[in-house]
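Notes follow once the structure below has been shown.
Note that ligands are numbered from 1 as they come in the structure, with each ligand's atoms numbered from 1 the same way.
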Amino acid sequence: MNRLSPLPATATLVNQAVDWAITTRRSIRAFLPTPVAQEDIEAILDVARFSATGVNMQPWHVHVLTGEAKARLSRAIARIDSDPEAAAQHDDPYAYYPHKWKAPYLDRRRAVGWALYGLLDIDKGDKPRMHAQHARNYRFFDAPVGLLFTIDRSLGQGSLLDYGMFLQSVMVAARGRGLHTCPQASFLKYHSLISAQLGIAPEQMLVCGMSLGYADPACIENTLVTGREPVSAFATFHP
Ligand SMILES: Cc1cc2nc3c(=O)[nH]c(=O)nc-3n(C[C@H](O)[C@H](O)[C@H](O)COP(=O)(O)O)c2cc1C
């Protein structure tokens with residue numbers, strides 16, 4: 001397949017396949033140990049690189065972690081994350097979330113949080129269990145592949161917009177191969193540790209992490225299906 005390839009199936013099938021891949025992308029938070037074939041990982045990145053970017057800047061760099069490299073990073077983060085004093089020394093490299101939350105974003109944030117904790121039977125205020133669930137982020141939710149995405153710090157906000165398109169392409173291409181993902185801003189807090197461990201150049205900034213693998217259908221957290229506002233709530237048509 002190349003950039004000028006004709007439709008690989010009927011227009012209806014292509015339409016359905018593309019819509020299916022986008023719609024069935026969900027954040028999965030428990031993965032099977034089944035390995036992901038190296039050729040699938042490479043094919044996903046190979047497709048995602050065709051994402052659009054302003055003046056074709058292609059601002060991404062991806063660190064693909066598997067096996068011992070992934071386990072070593074997870075252990076290093078867990079050591080710090082389990083020590084509140086040490087964890088307090090760490091902070092995000094950029095403001096992914098707003099400093100001040102307002103409606104409707106705060107309500108949506110709360111809704112997804114309580115839906116996840118509700119499924120896991122974690123009560124409001126049960127800080128140890130909430131922390132333990134959050135800590136699963138740093139094990140890439142047991143996915144066999146952990147991805148860490150970085151960008152040159154000198155680039156502007158627009159390049160983060162471009163990066164988001166690349167991340168979505170990675171997640172959609174994963175669906176096309178029967179794989180699932182979870183994008184993860186939670187790694188941001190430990191960006192300096194991650195950079196040190198992976199030898200990431202100082203001019204590169206962590207954008208986010210992502211788990212990649214086969215969803216574990218037996219885990220209750222994977223039954224979470226988040227809602228969306230209808231088109232009429234966010235689109236204004238000007239005839
Ligand atoms: C950039 C980005 C960072 C995210 N970070 C996390 C994270 O650290 N941990 C997590 O469990 N989910 C994370 N999510 C997943 C969101 O909670 C999820 O996308 C949202 O609730 C919508 O649900 P859905 O992905 O299942 O459609 C992140 C999503 C995005 C796009």
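Below 30°, between 30° and 60°, or above 60°: for Y138 and F187 the angle between ring planes is above 60°, a perpendicular geometry. Note: H63 and H61 have tilted aromatic rings, judged against thresholds of 30 and 60 degrees for the angle between ring planes.
Summary of contacts: the protein heavy atom closest to atom 27 (O) of ligand 1 is R228 NH2, 2.7 Å. For atom 22 (C) of ligand 1, the closest heavy atom belonging to the protein is T226 OG1, 3.6 Å. Of the protein's non-hydrogen atoms, P183 CG, 3.3 Å is the one closest to atom 29 (C) of ligand 1. Scanning all protein heavy atoms for the shortest distance to atom 25 (O) of ligand 1 gives S27 OG, 2.6 Å.
Here atom 31 (C) of ligand 1 lies nearest to Y96 when heavy atoms of Y96, F187, Y97 are compared. Ranked by closest heavy atom to atom 16 (C) of ligand 1, the top entry among Q168, R26, R29, R109 is R29.
Less than 4.0 angstrom separates some heavy atom of S186 from each of these atoms of ligand 1: 7 (C), 8 (O). Remark: ligand 1 atoms within the under-4.0 Å shell around heavy atoms of F141 are 11 (O). For ligand 1, the atoms closer than 4.0 angstrom to any heavy atom of C182 are 10 (C), 11 (O), 12 (N). Heavy-atom contacts of V112 reach the following atoms of ligand 1: 21 (O) (cutoff under 4.0 Å).
Salt-bridge annotation for D142 and R136: present, with a side-chain N of the basic residue lying under 4.0 Å from a carboxylate O of the acidic one.
Not a single protein heavy atom sits closer than 4.0 Å to atom 20 (C) of ligand 1.
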Begin from the C-alpha positions of D81 and H131 and carry the test side chain to side chain contact (heavy atoms under 4.5 Å, CB included) through to its verdict. CA-CA 9 Å; D81 190 57; H131 184 265; 3.3 Å; yes

side-chain hydrogen bond (donor to acceptor under 3.5 Å, both in side chains), that's the test. Do S211 and Q184 meet it? Break it down for me. CA-CA 8 Å; S211 301; Q184 293 168 269; 2.6 Å; yes

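Under a cut-off of 6.0 angstrom, the local environment of CD in E85 is sparse, with at most 12 non-hydrogen atoms contributed by other residues, nucleotides or ligands.
Residue contacts with ligand 1 for Y163 are absent, since no atom lies close enough (heavy atoms, distance under 4.0 Å). Here N137 has side-chain heavy atoms under 4.0 Å from ligand 1, and that is the only part of it that gets that close. Contacts with ligand 1 closer than 4.0 Å are made by no heavy atom of H134, backbone or side chain.
Distance OG/S186 to CG/D92: 9.5 Å, rounded to 0.5 Å. How far SG of C219 is from CG of L120: 9.0 Å, rounded to the nearest 0.5 Å.
Checking only distances, C208 never comes within under 3.5 Å of ligand 1, N or O to N or O. In terms of polar-atom proximity, defined here as any N/O pair under 3.5 Å, A185 does make such a contact with ligand 1.
Proximity of M171 to P183: side-chain heavy atoms (C-beta onward) are separated by under 4.5 Å at one or more points.
In this structure, Y214 has its ring center no closer than 6.0 Å to that of F31.
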